[in-house]
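Below is one structure, written out as structure tokens; comments come after it.
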Amino acid sequence: MLDKPASQTAARISGPLAGFRIVEFAGIGPGPFACMLLADMGAEVITLDRVGAGKNLKAVATRGRKVIELDLKNEAAIAEVLDLLSHADALIEGFRPGVMERLGLGPDVVLARNPRLVFGRMTGWGQEGPLANAAGHDINYISITGALAAIGPKEKPVPPLNLVGDFGGGALYLVVGVLAALLEAQKSGKGQVVDTAMCDGAASLMSMFYDMRAQGRWSGGRDQNFLDGGAHFYGVYECSCGNFISIGSIEPQFYALLRKHADLTDADFDAQMDRKAWPALKEKLTKVFKSKSRADWCTIMEGTDICFAPILTMEEAPKHPHMAARQVFVERHGVTQPAPAPRFSRTPSAIREPELASIGDVTNAWKAGK
């Protein structure tokens, strides 16, 4: 566990990261999401933003921060930032490679001032390589990893929102990297640069599938494998009401329950793992699920070991009994949003309100150990 001495500020803040100070250079997408997670877990996150930049302090991804407006083209402002960073534990930035260096805030300069600082960098392509300075978005970063080619129907790949690149391969790997570097810094007394690239993280997320491919258990096409919708027992089905349900009855005992509750007595369903039989069995199962409404199937299957769930909209999800019982969603400023995750038994995470601040006040508080 991170062993940071609690400051006066930390004593008022819940979360396992209370007492840790993180400076965020404002950006979009994975950087702010990563800092939201860190703030939810109790870290004091200071966001440095452009003067006059549009700010929505009620937004989900900006919760838990102190926001400071600065003109980073001003030498005096850069000096103030360096002074602030001298008392920080970590820095997170999501600019293209070279931008921080041109501002006079590159790793060499900053780590010379604060050798224990963890310098977290978030890019799409990484700090070096032929594409390092090219523009891109999630869809591009996951395109070159093999991930996008594996997702969707046979006709064409389908973007999985921007979950795989921006947030899965980007923000979450950035958080893991920064926390790992903070742990190591406590032993060595030295900080380091954490180079997080969305293409790196998305490729890492594909580890199991590259393993299965090497074992001959995964074909190159879409909608042909047991986790990509090719198998009749792992997929999405439409109900009579027009809504959808999902099943994931992979294991034999779960598949047996699926057959029992869906009344799949046809002997053809005995061939669960026969890939050649999957298309015909999927067609039969499509007709079965189309015979009842989603509500009917929930009554029959939900809560069993079939591995079943209704496919809910963003409006429906917070109202689901399980999600409501666990308070997975909360309301803030009239906006329904996901609650902090994961959960801690002794130092629970919490949503804190963002606020505007001045760099002088924050730096002085940090110098004073507050």
Please lay out, stage by stage, how E331 and Q337 fare under the test side-chain contact (heavy atoms from CB on, under 4.5 Å).
-> CA-CA 6 Å; E331 187 171 303; Q337 57 194 269; over 6 Å; no
Verdict with supporting geometry, M208 and L227, side-chain contact (heavy atoms from CB on, under 4.5 Å) = CA-CA 11 Å; M208 184 180 78; L227 291 175; 3.7 Å; yes
Path from [X] to [Y] over hydrophobic side-chain contacts below 4.5 Å:
X: L182; Y: M122; answer: yes
X: L172; Y: V176; answer: no
X: V194; Y: L17; answer: yes
X: V193; Y: V118; answer: no
X: W297; Y: F233; answer: yes

Between the side chain of [X] and the main-chain N/O of [Y], is any donor-acceptor distance below 3.5 Å?
X: T363; Y: G360; answer: no
X: R222; Y: A150; answer: no
X: E93; Y: G31; answer: no

Identify whether the distance between the nearest side-chain nitrogen and carboxylate oxygen of [X] and [Y] falls below 4.0 Å.
X: D223; Y: K282; result: yes
X: K284; Y: D268; result: yes
X: R50; Y: D71; result: no

Please step through side-chain contact (heavy atoms from CB on, under 4.5 Å) for the pair L258 and F308, ending with a clear verdict.
-> CA-CA 9 Å; L258 170 66; F308 164 94; over 6 Å; no
Where [X] and [Y] come nearest, the two heavy atoms and their spacing:
X: P340; Y: A350; result: CG-C, 4.1 Å
X: N114; Y: H87; result: ND2-N, 4.2 Å
X: P279; Y: K276; result: CD-O, 3.6 Å
X: L85; Y: L117; result: O-CD1, 4.1 Å
X: P354; Y: R63; result: CD-CA, 4.2 Å
X: I359; Y: I68; result: CA-CD1, 3.6 Å

Distance from [X] atom [atom1] to [Y] atom [atom2], nearest 0.5 Å?
X: C307; Y: I247; atom1: SG; atom2: CD1; result: 9.5 Å
X: R275; Y: F226; atom1: CZ; atom2: CZ; result: 8.0 Å
X: R332; Y: T336; atom1: CZ; atom2: OG1; result: 12.0 Å
X: M206; Y: M212; atom1: CE; atom2: CE; result: 8.5 Å
X: I78; Y: L82; atom1: CD1; atom2: CG; result: 7.0 Å

Of E24, E353, E44, E355, which is the lone residue that meets salt bridge (charged side-chain N to carboxylate O under 4.0 Å, His left out) with R65?
-> E24
With sequence neighbours left out, write down each residue that passes ring pair (Phe, Tyr, Trp, His ring centres under 6.0 Å) with F254, or none if nothing qualifies.
-> none
By ring pair (Phe, Tyr, Trp, His ring centres under 6.0 Å) - contacts of F167 (at least two apart) = F33
With the side chain counted from C-beta on, respond yes when [X] and [Y] share a heavy-atom pair under 4.5 Å apart, and no when they do not.
X: I46; Y: I22; value: no
X: N225; Y: S219; value: yes
X: F25; Y: L91; value: yes
X: P30; Y: L174; value: no
X: M198; Y: W125; value: no
X: D40; Y: M36; value: yes
X: R121; Y: P107; value: yes
X: V23; Y: T47; value: no

Over 12 foreign heavy atoms within 6.0 Å of CZ, R213 = no
Can you pull the side-chain hydrogen bond (donor to acceptor under 3.5 Å, both in side chains) pairs that have at least one residue in residues 135-153, sequence neighbours excluded?
-> none
Which residue pairs pass the side-chain hydrogen bond (donor to acceptor under 3.5 Å, both in side chains) test with at least one member in residues 236-255, sequence neighbours excluded?
-> H232-Y255
Contacts of D83 meeting side-chain hydrogen bond (donor to acceptor under 3.5 Å, both in side chains) (sequence neighbours excluded), chain-then-number -> K367
Sequence neighbours excluded, which residues qualify as side-chain hydrogen bond (donor to acceptor under 3.5 Å, both in side chains) partners of E184?
-> S188
Check: E302/H322 side-chain N/O donor and acceptor closer than 3.5 Å | no
Any side-chain donor paired with an acceptor under 3.5 Å for D211 and Q215?
-> yes
Apart from [X] itself, which Ile, Leu, Val, Met, Phe, Trp or Tyr residues share its cluster (side-chain heavy atoms under 4.5 Å, direct or through members)?
X: M323; value: V328, F329
X: V236; value: F244, I311
X: L148; value: I139, I142, V164, Y173, L205

Provide the full list of ring-ring contact (aromatic ring centres under 6.0 Å, His included) pairs with a residue in residues 62-81, sequence neighbours left out, each pair given once.
-> none
Which pairs count as ring-ring contact (aromatic ring centres under 6.0 Å, His included) when at least one residue sits in residues 350-370, sequence neighbours excluded?
-> none
List the steps and the verdict of salt bridge (charged side-chain N to carboxylate O under 4.0 Å, His left out) for K154 and D228.
-> CA-CA 10 Å; K154 293 179 181 179; D228 66 359; over 6 Å; no
Please step through side-chain contact (heavy atoms from CB on, under 4.5 Å) for the pair L285 and L264, ending with a clear verdict.
-> CA-CA 8 Å; L285 200 48; L264 306 179; 3.8 Å; yes
Audit row: Q186, R116, side-chain hydrogen bond (donor to acceptor under 3.5 Å, both in side chains) steps and yes/no = CA-CA 8 Å; Q186 290 187 339; R116 294 178 60 92; over 6 Å; no
In chain order, what residues pass the salt bridge (Lys or Arg N to Asp or Glu O under 4.0 Å) check against D361, with sequence neighbours excluded?
-> none
Criterion side-chain hydrogen bond (donor to acceptor under 3.5 Å, both in side chains) on D296 and T299, from CA distance to verdict = CA-CA 5 Å; D296 292 334; T299 299; 5.6 Å; no
